[in-house]
Visitor: 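Sharing a structure below in structure tokens format, with a few things to ask.
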Amino acid sequence: MIKPPTTLNELKERTKQIAGLTIGELAKQRQVGVPSDLKRQKGWQGQFIESCLGADAGNLSEPDFSLIGVELKTLPIDFSGRVLESTYISVVNIKNHQGLTWENCATKHKLSHVLWVPIARIKDQPLENSRIATPFLWQPNDKEARQLKQDWEEVMDLVALGQLGQLNARMGEILQVRPKAANSRVLTDTTDSEGNHSQTLPRGFYMRPQFTQGLVDRFLKR
DNA sequence: AGGTGATCATTA
DNA sequence: TAATGATCACCT
């Protein structure tokens with residue numbers, strides 16, 4: 001295991017060590033095997049990069065690098081720099097949302113400082129040929145911070161009212177809400193608009209690809 | 001059961 | 001083909 005970085009500079013130095021490498025090259029350095037694709041191990045790549053950089057938050061709802069409050073997100077792109085997927089951020093607290101505010105929620109904490117690690121891949125090519133692009137740190141500017149707050153509050157207002165049926169993926173400029181579960185039969189407890197106990201599909205906050213595309217364009221300057 | 005890491009696969 | 005809805009693996 002790699003020790004968690006204690007300073008931002010330490011983290012930056014580590015990202016320089018992996019920038020430009022293919023997944024295969026980095027895996028060889030670390031002496032780990034690479035799955036042929038991500039069909040059955042969708043999170044492998046993200047967890048591999050976490051282990052290489054010393055992320056230590058495990059599955060806690062807090063930033064990956066706990067000592068410096070930085071969240072790590074790998075970002076799948078193609079070799080022309082186009083973002084290929086949305087980015088999962090956090091669970092939507094469908095229960096235990098009382099007292100939850102934008103200021104004290106995990107979603108805001110995670111997004112307050114993010115290390116984006118873009119990884120370029122070619123569809124149907126072996127995963128080991130994917131190449132780590134230049135990682136970059138991002139913090140929301142004022143406009144982005146306002147929009148994130150608004151997106152989050154719009155969703156959580158519906159949750160607080162028990163209007164789960166109103167939730168859909170079209171809401172939100174930056175963040176959207178989509179299912180987050182092992183499958184569509186998974187249910188979590190909730191309270192409906194009339195105060196009755198009910199169950200619903202667990203949801204997560206995801207960052208729209210259009211937004212992360214903007215970040216890539218800004219920081220990688222195509 | 002419900003978090004973490006996400007991508008897959010079908011729909012519109 | 002972009003976007004939505006569904007799904008996979010691992011961890012505590």
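We use all heavy atoms of the structure for the numbers below, so side chains are in, but hydrogens, waters and symmetry mates are not. Letters go in sequence order (proteins before strands), and every chain restarts at 1.
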Visitor: Just to be sure I understand the rule, does A:Asn168 reach a base, reach only the sugar-phosphate, or reach nothing, if contact means heavy atoms closer than 4.0 Å?
Guide: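 Answer is nothing: A:Asn168 stays at 4.0 Å or more from every strand.
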
Visitor: Between B:dT4, C:dA6, C:dT4, spot the one nearest the side chain of A:Ser61, thanks.
Guide: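 It is B:dT4.
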
Visitor: Kindly say if A:Gln210 contacts the phosphate of C:dA3, meaning a side-chain N or O under 4.0 Å from OP1 or OP2.
Guide: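 It does, given that an N or O in the side chain of A:Gln210 lies less than 4.0 Å from OP1 or OP2 of C:dA3.
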
Visitor: To the nearest angstrom, how far is A:Lys42 atom NZ from C:dC8 atom P?
Guide: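 About 7 Å, once rounded to whole Å.
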
Visitor: Looking across every strand, which nucleic acid part, if any, lies under 4.0 Å from A:Glu62 by heavy atom: base, sugar-phosphate, or nothing?
Guide: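 The residue A:Glu62 makes no contact with any strand.
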
Visitor: Which word best sums up how the rings of A:Phe211 and A:Trp138 line up, parallel for under 30°, tilted for 30 to 60°, or perpendicular for over 60°?
Guide: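 Because their plane-to-plane angle is over 60°, the rings of A:Phe211 and A:Trp138 count as perpendicular.
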
Visitor: Starting from the 5' end of DNA chain B, give me the residue, A:Pro76 or A:Ala106, whose nearest nucleotide shows up first.
Guide: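 Residue closer to the 5' terminus by nearest nucleotide: A:Ala106.
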
Visitor: Of the nucleotides C:dA6, B:dA9, B:dT4, which one has an atom closest to the side chain of A:Val91?
Guide: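 Nearest to the side-chain atoms of A:Val91, counting from C-beta on, is B:dT4.
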
Visitor: Under 4.0 Å from OP1 or OP2 of B:dA6: is there any side-chain N or O of A:Lys73 that close?
Guide: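 For B:dA6, OP1 or OP2 has a side-chain N or O of A:Lys73 closer than 4.0 Å.
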
Visitor: Mind checking whether A:Tyr206 and A:Val114 sit in one hydrophobic cluster, side chains of I, L, V, M, F, W, Y counted as touching below 4.5 Å?
Guide: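 No, because A:Tyr206 and A:Val114 fall into different hydrophobic clusters, even though each may have its own neighbours under 4.5 Å.
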
Visitor: Is any side-chain nitrogen or oxygen of A:Gln41 closer than 4.0 Å to OP1 or OP2 of B:dT7?
Guide: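 Checking B:dT7 against A:Gln41, no side-chain N or O comes under 4.0 Å of OP1 or OP2.
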
Visitor: Have a look at A:Leu60 and say if it touches a base, only the backbone sugar-phosphate, or nothing, with a 4.0 Å heavy-atom cut-off.
Guide: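 It contacts sugar-phosphate atoms only.
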
Visitor: Tell me: CD of A:Gln45 to C1' of B:dT4, nearest whole Å?
Guide: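 Taking atom C1' of B:dT4 as the reference, CD of A:Gln45 is at 16 Å.
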
Visitor: DNA chain B: A:Thr87 or A:Lys110, which has the more 5' nearest nucleotide?
Guide: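 Nearest-nucleotide comparison on DNA chain B picks A:Lys110.
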
Visitor: Does A:Arg208 make a side-chain N or O approach to OP1 or OP2 of C:dA2 shorter than 4.0 Å?
Guide: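 No, because none of the side-chain N or O atoms of A:Arg208 sits under 4.0 Å from OP1 or OP2 of C:dA2.
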
Visitor: Is it the case that the side chains of A:Thr188 and A:Arg203 hold a donor-acceptor pair, with the cut-off being a distance below 3.5 Å and no angle test?
Guide: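 Checked: A:Arg203/A:Thr188 side chains show no N/O donor-acceptor pair below 3.5 Å.
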
Visitor: Looking at side-chain heavy atoms only, is the closest gap between A:Glu103 and A:Lys108 below 4.5 Å?
Guide: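 A:Glu103 reaches A:Lys108 side chain to side chain.
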
Visitor: Assuming nearest nucleotide by heavy-atom distance, tell me which of A:Glu85 and A:Ser184 is located more 5' along DNA chain C.
Guide: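 Result: A:Glu85.
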
Visitor: Answer yes or no: is there an ion pair linking A:Lys16 with A:Glu13, defined by an N-O contact shorter than 4.0 Å?
Guide: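 Salt bridge: yes.
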
Visitor: Could you give the CD1-to-C1' distance, from A:Ile89 to B:dG3, as a whole number of Å?
Guide: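 Going from A:Ile89 (CD1) to B:dG3 (C1'), I get 15 Å.
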
Visitor: Counting the atoms with a prime plus P, OP1 and OP2 as sugar-phosphate, which does A:Lys123 contact under 4.0 Å by heavy atoms, base, sugar-phosphate, or nothing?
Guide: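 Counting heavy atoms under 4.0 Å across all strands, no contact is made by A:Lys123.
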
Visitor: Let me know the distance between CG of A:Asn93 and P of B:dG3, rounded to the nearest Å.
Guide: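 Whole-Å distance recorded here is 7 Å.
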
Visitor: Salt bridge or not for A:Glu50 and A:Arg30, using N-O below 4.0 Å?
Guide: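 No salt bridge links A:Glu50 with A:Arg30.
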
Visitor: With a 4.0 Å cutoff (strictly under), does any side-chain N or O of A:Ser86 reach OP1 or OP2 of B:dT7?
Guide: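 No, outside the criterion.
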
Visitor: Strictly below 4.0 Å, N to O, side chains only: are A:Lys73 and A:Glu71 in salt-bridge contact?
Guide: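 Salt bridge: yes.
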
Visitor: B:dG2 phosphate, OP1 or OP2: any side-chain N/O from A:Lys95 under 4.0 angstrom?
Guide: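 The answer is yes; a side-chain N or O of A:Lys95 sits under 4.0 Å from OP1 or OP2.
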
Visitor: Rounded to whole angstrom units, what separation is found between the CG atom of A:Asn96 and the P atom of B:dG3?
Guide: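 Taking atom P of B:dG3 as the reference, CG of A:Asn96 is at 8 Å.
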
Visitor: Take atom OH of A:Tyr88 and atom P of C:dC8, then tell me their distance rounded to the nearest Å.
Guide: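 Roughly 18 Å, once rounded to whole Å.
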
Visitor: For a quick check, tell me whether the side chain of A:Tyr206 and the base of C:dA3 share a donor-acceptor pair closer than 3.5 Å.
Guide: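 Not at all, since no donor on one side and acceptor on the other fall under 3.5 Å apart.
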
Visitor: Under 4.0 Å from OP1 or OP2 of C:dA6: is there any side-chain N or O of A:Arg185 that close?
Guide: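 The answer is no; no side-chain N or O of A:Arg185 sits under 4.0 Å from OP1 or OP2.
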
Visitor: Base, sugar-phosphate, or nothing: which does A:Ala181 touch, judged by heavy atoms less than 4.0 Å apart?
Guide: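 The answer is base, as A:Ala181 lies within the cut-off (heavy atoms under 4.0 Å) of a base atom.
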
Visitor: Give one of base, sugar-phosphate or nothing for A:Gly46, where a contact means two heavy atoms less than 4.0 Å apart.
Guide: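 Sugar-phosphate, no base atom in range.
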
Visitor: Taking atom C1' of C:dC10 as reference, at what distance in whole Å does atom CG of A:Leu38 sit?
Guide: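 In whole Å, C:dC10 C1' and A:Leu38 CG are 14 Å from each other.
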
Visitor: Looking at the side chain of A:Arg121, which of B:dT7, B:dG5, C:dA2 is the nearest nucleotide?
Guide: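 Within the option list, the nearest is B:dT7.
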
Visitor: With sugar-phosphate meaning primed atoms plus P, OP1 and OP2, does A:Ala169 contact a base, only sugar-phosphate, or nothing at under 4.0 Å between heavy atoms?
Guide: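 Sugar-phosphate contact only.
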
Visitor: Distance check needed: B:dC8 P versus A:Arg40 CZ, whole Å only.
Guide: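 Interatomic distance, CZ of A:Arg40 to P of B:dC8: 13 Å.
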
Visitor: Quick one: is A:Thr188 getting a side-chain N or O under 4.0 Å of the B:dG2 phosphate, OP1 or OP2?
Guide: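 Yes, because at least one side-chain N or O of A:Thr188 sits under 4.0 Å from OP1 or OP2 of B:dG2.
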
Visitor: Given that A:Pro209 and A:Asn183 both sit by DNA chain C, which one's nearest nucleotide is further toward the 5' end?
Guide: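 Between the two, 5'-proximity favours A:Pro209.
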
